[in-house]
Asker: 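The following block contains the structure, expressed as structure tokens.
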Amino acid sequence: MVNSYSKNYQVIVVGAGHAGCEAALASARMGCSTLLLTIGLDTIAQMSCNPSIGGLAKGHLVHEIDAMGGEMGLNIDATGIQFRRLNTRKGPAVRAARAQADRMAYSARMKYVIEQEELLDLKQGMVDDLLVEKGRVVGLETREGIGFYGEAVVLTTGTFMRGLIHIGLNNYAGGRAGELSAEGLSGSLKRLGFRIGRLKTGTPARLSARSIDFSKLERQPGDQQIKPFSFVTDKIEREQVDCFVAETNEKTHQIIRESLDRSPLYSGVIEGVGPRYCPSIEDKVVRFPDKNSHQSFLEPEGMRGSEMYPSGLSTSLPPDVQLAYFRSMVGFERVEIMRPGYAIEYDFVEPMQLRASLETRAVAGLFHAGQINGTSGYEEAAGQGLLAGINAARRCQGRDPVIIGRDEGYLGVMVDDLVTQPTTDPYRMFTSRAEYRLLLREDNADQRLTELGRKIGLVGDTRWEKYLKKQEQVVAASQIIKNKSITPSDRQVVEDLDLGELKSGVSLELLLKRPEINIAQLEAVCPELSEFSRQALEQVEIAVKYEGYIKRQLEQVERFREQEEIKLPADIDYMKIPSISTEVREKLINIKPISLGQASRIQGVTPAAIAVIHIYLRKQNYA
């Protein structure tokens, strides 16, 4: 029997991981009464695996979340203990930010932010069943028998749905090590007609810092000049730490090879598909037999604890094997394992059953975000959570959903990929997935998405004023370098910039186009530029140096938008369209693309079929 809770909500978010936190905060900040329901109140925004935020393409997602008014960028800025810029020698499209977090501090701060949000209630409970009436979700029931009712529900279940932990040939139910799994929700979703799949992920052992000889390892410091994740953070104040580089060796690999019969991965015990781009150490040894060593970055989990995270060494081998192969590595001869590594299998719901708003097609008002959609990574989860929370709130408010295009953000690329492409292994964001990545840089995420965040009610006055000031500075600095010129009579400047024999005047803008000259050098000869922020000057420099490439990509976007603007009616009958195959017809009926462009990205839908559909739309006066 369901005992109804005395208070009804507009939006209910299930799960308080990175997706759930962003979803709940977005909903509440947009004015909706919101409930965030989690199995454990002490594991809010838990970093279950790597204690870090950002990285290649993932840093782009964090900047976009921040630009729209999300919390992840602010949270890592407040709790980061080592910041690094990646790919700094490459072009601006693939430069990315990454930071180690104090894992406990990260979780504690996010919990505090959630508890202070006026329209947001945080409660503990495990969801067993969804309550659906006439094809629309109306609430949910917890294992404790409490019924919570709301107008929209966002599921962000992480690895908890029928989670099964593997350590060697032993396994047990759990959503994470030491935590319960959610056993009832998968069955509820199946009864509602959803297609459920099974995936696998893993994590390495945690090592005691006291037992490691760091003098034998390569030290890896962070950046001296730290660039924050959030566009509103002025300076990182926290104490910073070093990471270290370790390596496996042939002895390590031999220990692993001799123990494969005790690996659930190679003995057939694990059924779920693991992440292709983050294989376990036993998988690396088997798949790359010619490699004599594999690198691992040894990363602290916090300022006050002694746990160290050895990245790249996730495993499901037995604890005794884990200890043996670690002790075969240089610097780890006397290492002690504080927590063994493990693999975990869990259920996910195939995301092609979602609309581009992340609302399910089968049940109105039900949204999915994070690992329930077959993705991996905190950043991917947070991005989906933000969008799901926004659209759940807008549904309650009777407004159209917010859908970000592939040409507008990595958030849009990710969601479009999920709803149009089959999930064969955990989805991870890469810069290569974004065809317009020169336009979708970290540095201009605010220019792309802050106005949208302001429009939907997530960007407050302080952030908005800072954004407008930066935009004004970009315009002003651009005008200065266009109008100011260096002439042959400016001999000291010509010499300082190593311009050789200058025969006529040249603008600072033309000088900046030269690969050997940067904006910092121009500041030295043009003091007016020093009045502007580093962020504004960075925008000016990129715009000038990559002007031709940016122009070409903008032209590509215009061609892309032509198909995106041809909308497919919700009631279109694909059975009436001649000359398309049964396979194409079935995919279009199942996925229900919203535009001709989205239809063209569905696997198996051919260019010929798109041409036929376009002709049909014209004949029916749809296009």
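In what follows, every heavy atom counts, from backbone to side chain, and hydrogens, waters and symmetry copies are set aside.
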Asker: Any side-chain heavy atom of Tyr346 within less than 4.5 Å of one from Thr157?
Answerer: no
Asker: May I ask you to decide if His368's main-chain N or O and Asn373's side chain share a donor-acceptor pair within less than 3.5 Å?
Answerer: yes
Asker: Within a 6.0 Å radius of atom CG on Asp42, are there more than 12 heavy atoms belonging to other residues, nucleotides or ligands?
Answerer: no
Asker: Whether the side chain of Ser263 engages the backbone of Leu265 through a donor-acceptor N/O pair (distance < 3.5 Å, no angle test) should be reported.
Answerer: yes
Asker: Do NZ/NE/NH1/NH2 and the carboxylate oxygens of Arg29 and Glu71 come within less than 4.0 Å?
Answerer: yes
Asker: What are the two closest non-hydrogen atoms of Glu64 and Leu411, and how far apart are they?
Answerer: OE1-N, 2.9 Å
Asker: Measuring only between side-chain heavy atoms, which start at C-beta, is Leu25 closer than 4.5 Å to Ile114?
Answerer: yes
Asker: Any carboxylate oxygen within less than 4.0 angstrom of a Lys/Arg side-chain nitrogen, looking at Arg304 and Asp102?
Answerer: no
Asker: Can you find a heavy atom in the side chain of Tyr325 that is under 4.5 Å from one in the side chain of Ile281?
Answerer: yes
Asker: So which atom in Ile372 and which in Met161 form the shortest heavy-atom distance, rounded to 0.1 Å?
Answerer: CG1-CE, 3.8 Å
Asker: Testing the basics here: between Leu217 and Ala246, what is the closest heavy-atom pair and its distance to 0.1 Å?
Answerer: CD2-CB, 4.0 Å
Asker: Under a 4.5 Å cut-off applied to non-hydrogen side-chain atoms, are Leu386 and Leu458 in contact?
Answerer: yes
Asker: Examine distances only and state if a side-chain atom of Tyr378 and a backbone atom of Ser52 form a donor-acceptor pair shorter than 3.5 Å.
Answerer: no
Asker: With no hydrogens and no angle check, do the side chains of Lys123 and Tyr5 hold a donor and an acceptor under 3.5 Å apart?
Answerer: yes
Asker: For residues Val127 and Glu141, determine if any side-chain heavy atom of one lies less than 4.5 Å from a side-chain heavy atom of the other.
Answerer: no
Asker: Does any donor atom in the side chain of Asp417 or Tyr427 lie under 3.5 Å from an acceptor atom in the other side chain?
Answerer: yes
Asker: Please test Ser48 against Arg176 for side-chain hydrogen bond (donor to acceptor under 3.5 Å, both in side chains), starting from the C-alpha separation and ending with a verdict.
Answerer: CA-CA 7 Å; Ser48 312; Arg176 281 186 294 237; 3.0 Å; yes
Asker: Step through it carefully: locate the ring centre of Phe430, locate the ring centre of His60, and say whether they are under 6.0 Å apart.
Answerer: no
Asker: Answer yes or no: does atom CD of Glu144 have more than 12 heavy-atom neighbours from other residues, nucleotides or ligands under 6.0 Å?
Answerer: yes
Asker: When you compare the side chains of Ser311 and Asn50, does any donor N or O come within less than 3.5 Å of an acceptor on the partner?
Answerer: no
Asker: Using modelled atom types only, decide if a donor and an acceptor are shared between the side chain of Glu307 and the backbone of Met338 within a distance under 3.5 Å.
Answerer: no
Asker: Is the gap between the ring centers of His166 and Tyr342 under 6.0 Å?
Answerer: no
Asker: Taking atom types as modelled and ignoring hydrogens, do the side chains of Gln384 and Thr375 form a donor-acceptor contact shorter than 3.5 angstrom?
Answerer: yes
Asker: Within a 6.0 Å radius of atom CD on Glu239, are there more than 12 heavy atoms belonging to other residues, nucleotides or ligands?
Answerer: no
Asker: Could you pull out the closest heavy-atom pair between Ile270 and Ala343, with the gap in Å?
Answerer: CD1-CB, 3.9 Å
Asker: Between Ser306 and Arg210, do the side chains contain an N or O donor and an N or O acceptor separated by less than 3.5 Å?
Answerer: no
Asker: If the threshold is 4.0 Å, N to carboxylate O, is there a salt bridge linking Arg262 and Asp320?
Answerer: yes
Asker: Any luck finding a side-chain donor-acceptor pair between Ser186 and Asp347 under 3.5 Å?
Answerer: yes
Asker: Using the side-chain contact (heavy atoms from CB on, under 4.5 Å) definition, which of the options Val415, Leu418, Thr360, Leu366 pairs with Leu354?
Answerer: Thr360
Asker: Are any of the side-chain nitrogens in Asp242 or Arg219 under 4.0 Å away from the carboxylate oxygens of its partner?
Answerer: yes
Asker: Closer than 4.0 angstrom, basic N to acidic O: yes or no for Glu250 and Arg257?
Answerer: yes
Asker: Give a yes or no on whether a salt bridge exists between Glu301 and Arg206, defined as a side-chain N under 4.0 angstrom from a carboxylate O.
Answerer: yes
Asker: If you define the side chain from C-beta out and look only at heavy atoms, does anything of Thr156 sit under 4.5 Å from Phe367?
Answerer: no
Asker: Both conditions, 6.0 Å and 45 degrees, for the charged tip of Arg103 above the ring of Tyr309: are they met here?
Answerer: no
Asker: Would you check if the side chain of Ser107 reaches a backbone N or O of Ile44 as a donor-acceptor pair within less than 3.5 Å?
Answerer: yes
Asker: Taking salt bridge (charged side-chain N to carboxylate O under 4.0 Å, His left out) as the test, write out the residues that go with Glu350, two or more places apart.
Answerer: Arg195
Asker: Can Lys227 and Glu442 be said to form a salt bridge (Lys or Arg N to Asp or Glu O under 4.0 Å), step by step?
Answerer: CA-CA 11 Å; Lys227 183 177 180 182; Glu442 278 191 357; 5.7 Å; no
Asker: Between Ala97 and His63, which heavy-atom pair has the shortest distance, and what is it?
Answerer: CB-CE1, 4.1 Å
Asker: With distance as the sole criterion, is a donor-acceptor pair present between the side chains of Thr315 and Glu282 under 3.5 Å?
Answerer: yes
Asker: Side chain of Asp66, backbone of Gly73: donor and acceptor closer than 3.5 Å?
Answerer: no
Asker: side-chain hydrogen bond (donor to acceptor under 3.5 Å, both in side chains) for Arg95 and Asn87? Distances and angles first, verdict last.
Answerer: CA-CA 5 Å; Arg95 294 172 196 160; Asn87 279 351; over 6 Å; no
Asker: Show your reasoning for whether salt bridge (Lys or Arg N to Asp or Glu O under 4.0 Å) applies to Lys216 and Glu333.
Answerer: CA-CA 11 Å; Lys216 296 181 178 179; Glu333 293 85 356; 3.5 Å; yes
Asker: Between Ala16 and Cys21, which heavy-atom pair has the shortest distance, and what is it?
Answerer: O-SG, 3.5 Å
Asker: Does any non-hydrogen side-chain atom of Ile53 lie less than 4.5 Å from one of Val62?
Answerer: yes
Asker: Quick check for you: to the nearest 0.5 Å, what is the distance between Ile39 atom CD1 and Leu41 atom CG?
Answerer: 11.5 Å
Asker: Going by atom types only, do Asn249 and Thr252 share a side-chain donor-acceptor pair under 3.5 Å?
Answerer: yes
Asker: Taking the side chain from Ser188 and the backbone from Leu130, do they hold a donor-acceptor pair closer than 3.5 Å?
Answerer: yes
Asker: Using side chain to side chain contact (heavy atoms under 4.5 Å, CB included), reason through Met308 and Ser208 one step at a time and then give a plain yes or no.
Answerer: CA-CA 6 Å; Met308 301 294 289; Ser208 168; over 6 Å; no
Asker: Is a side-chain donor or acceptor of Gln220 paired with a backbone partner of Glu218 at a separation under 3.5 angstrom?
Answerer: no
Asker: Would a 4.5 Å heavy-atom cut-off, applied to side chains only, mark Gln46 and His18 as touching?
Answerer: no
Asker: Using a distance-only test with no angle check, is there a side-chain donor-acceptor pair under 3.5 angstrom linking Asp77 and Ser230?
Answerer: no
Asker: Donor-acceptor pair, distance only, cut-off 3.5 Å: does the side chain of Arg327 make one with the backbone of Val335?
Answerer: yes
Asker: As a quick check of understanding, evaluate salt bridge (Lys or Arg N to Asp or Glu O under 4.0 Å) for Glu380 and Lys58, giving each step before the final call.
Answerer: CA-CA 7 Å; Glu380 289 90 341; Lys58 293 170 176 284; 2.9 Å; yes
Asker: Between Glu237 (side chain) and Ala78 (backbone), is there a donor-acceptor pair under 3.5 Å?
Answerer: no
Asker: Please step through side chain to side chain contact (heavy atoms under 4.5 Å, CB included) for the pair Leu189 and Ile196, ending with a clear verdict.
Answerer: CA-CA 8 Å; Leu189 289 164; Ile196 308 293; 4.0 Å; yes
Asker: Whether Arg98 and Glu299 form a salt bridge (side-chain N of Lys/Arg under 4.0 Å from carboxylate O of Asp/Glu) is what I want to check.
Answerer: yes
